[in-house]
Student: 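What follows is a structure written as structure tokens; I'll ask about it next.
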Amino acid sequence: MTSATAAGVPPTPAAPKSRKSVTGTRKTVAALFLLPALVLLGALVVYPIGYSLVRSFYDQSGDGFAGFDNYEALFTDQGIRTALKNNIIWVVFAPTIATALGLIFAVLTERVRWGTAFKLVVFMPMAISMLAAGIIFRLVYDQDPEKGVANAVWVGVHDTFAQASAFPKAHPGRESPLESAGGGAFITKAPVRAGDPVALPLVGVAPDQMPDGAQTAVAPKAEPGKVTGTAWQDFTRGKGVGTLNGVDGSETGYAGMKIEAVKDGRVVASTTAGDDGTFTLPASADGGRLRLPASNFKEPYNGLNWLGPSLVTPAIIGAYIWMWAGFAMVLIAAGLAGIPRDLLEAARVDGANEWQVFRRITVPLLAPVLAVVTVTLMINVLKIFDLVFIIAPGSSQDDANVLALELYRKGFSEDQPGIASAIAVFLLLLVIPVMWFNIRRLRREARR
């Protein structure tokens, strides 16, 4: 058998293989296509990070080296410490609650025919920008129940169980037989006698604010052995019209006004005025003084101060959850669709109830998806800025402060770019471990 080698002819060298990427494209061509993206990445990401890192070691002017003074301010400046505390609250509660709600929505909507429509409604806030959502919830949390939906609902529930007074502005007029009893109550100047009608005139309630059941006041009539009287709005429209401390035909009774008879500091009898303002007390009230308790004049309940110092952070977190619960629901619903149904049916056949199936089968199988959602939301809330800046009013913005907002305030409002850069670097350091955990978990999932 002969060969080229045996004949002394050297073998022909193999042609060099062209270097190609995994997609079959030459690597030089791929690099050229990637170059614009790499330039943008460097200009918009790498350079700002590097510049912020360098700038964080310089003073306010940028000329003097400040060392670690700007980083020391992160833990000594009261505003930054408040922002850091609020960021911890955000990271702990916002992702947890949003993920939990998303899980509940995803599981429950599988059991109803209109689940798709419900998911659409819940996910719809994701289409709204943070700016628009902030404006919406600034109105939702308005203190005035006639403007703010949150307080309108809260006041409605409160007034269902604790009726508000209809006479918060009522008070005695000129030459009134009533005087202040302290604490917002009023009392007659002299003791009352059975058989002698008592007039309790008040002013100060606008006609349109009178109770719906109020009727035209009726002058009190004497009844033997009883104390009778009338509590009414002693005001008649028109200059010079009406009798002072006397019931006129166009004046209205204080329907529902509570009246107490007091002797030696002790209540001996009490009653409530009728729709026409008239009332009757038993003979035990004879010789006592009539008192109108402060509960008659209590200011109406005005709801909670949602954007006050104590509630502003939970209120803003509520707005964030409203936006992002739909995001969590959609991802979890996708993971739920991939769970083998035979496992769930097998558990039910073995006698497990729905709660046990959910806790021991559904949740463990959804653990990877739940981790993705939670970590994604944690990264997102570390950078939260828009909602806090828009929703929190100036009076409580310090109490709602977060690191991203404090970065903006230090860099632009207070002209301290060194500290602002230090906050930016600190935020990056907080995000990196969460991102690293997420990337590591995704790679582990890919190897399975």
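Computed from heavy atoms alone, side chains included, the values below leave out hydrogens, waters and symmetry copies.
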Student: Strictly below 4.0 Å, N to O, side chains only: are Lys410 and Glu406 in salt-bridge contact?
Tutor: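 Yes.
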Student: Kindly give the heavy-atom pair with the smallest separation between Pro145 and Ala152, and that separation in Å.
Tutor: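 Reported closest heavy-atom pair: O-CB, 3.2 Å.
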Student: For the side chain of Ser52 and the backbone of Ile49, is there at least one donor-acceptor N/O pair under 3.5 Å apart?
Tutor: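 No: the side chain of Ser52 does not pair with the backbone of Ile49.
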Student: Rounded to the nearest 0.5 Å, what's the gap from CE on Met257 to OG1 on Thr271? Could you check?
Tutor: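 So the CE of Met257 and the OG1 of Thr271 are separated by 12.5 Å.
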Student: Between Tyr320 and Trp90, is there a side-chain donor-acceptor contact under 3.5 Å, judged purely by atom types and distance?
Tutor: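 No - no donor-acceptor pair under 3.5 Å links their side chains.
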Student: Write down the atom of Thr99, the atom of Ala328, and the distance for their closest heavy-atom approach.
Tutor: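 Answer, listing the atom of Thr99 first, then Ala328: CA-CB, 4.2 Å.
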Student: CG of Leu202 to NZ of Lys169: how many Å apart, nearest 0.5 Å?
Tutor: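 Leu202 CG to Lys169 NZ: 15.0 Å, rounded to 0.5 Å.
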Student: If you round to the nearest 0.5 Å, how far is CG of Asp386 from CG of Leu405?
Tutor: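 Output value for this atom pair is 10.0 Å.
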Student: Are Phe426 and Tyr71 close enough that their ring centres sit under 6.0 Å apart?
Tutor: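 No, they do not, as the ring centres are separated by 6.0 Å or more.
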Student: Taking atom OG1 of Thr216 and atom CH2 of Trp232, what is their separation to the nearest 0.5 Å?
Tutor: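 Reported value, rounded in 0.5 Å steps: 14.0 Å.
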Student: Can you tell me how far apart CG (Leu344) and CD (Glu354) are? Round to the nearest 0.5 Å.
Tutor: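 It comes to 9.0 Å.
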Student: Check for a donor-acceptor pair, side chain of Asp59 on one end and backbone N or O of Gly64 on the other, with a separation under 3.5 Å.
Tutor: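 Yes, Asp59 side chain to Gly64 backbone: donor-acceptor pair under 3.5 Å.
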Student: Between Arg409 and Asp398, is the closest basic N to carboxylate O distance under 4.0 Å?
Tutor: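 Here Asp398 pairs with Arg409 in a salt bridge, since their nearest N and O are under 4.0 Å apart.
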Student: I'd like to know if the side chain of Ser396 reaches the main chain of Leu307, judged simply by a donor and an acceptor atom lying under 3.5 Å from each other, with no hydrogens or angles considered.
Tutor: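 Checking the backbone N and O of Leu307 against the side chain of Ser396, a donor-acceptor pair under 3.5 Å is found.
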Student: Given 3.5 Å as the limit, does a donor-acceptor pair link the side chain of Gln143 with the main chain of Asn302, or not?
Tutor: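 Answer holds: yes.
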Student: Taking the six-membered ring for Trp and the single ring otherwise, decide whether the centroids of Phe327 and Phe123 are under 6.0 Å apart.
Tutor: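 Centroid separation for Phe327 and Phe123: 6.0 Å or greater.
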Student: Find the distance between CD1 (Ile80) and CG (Asn87) and round it off to the nearest 0.5 Å.
Tutor: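 Those atoms lie 12.0 Å apart.
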Student: Which class fits the ring pair Phe297 and Phe186: parallel under 30°, tilted 30 to 60°, perpendicular over 60°?
Tutor: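 Phe297 and Phe186: perpendicular rings.
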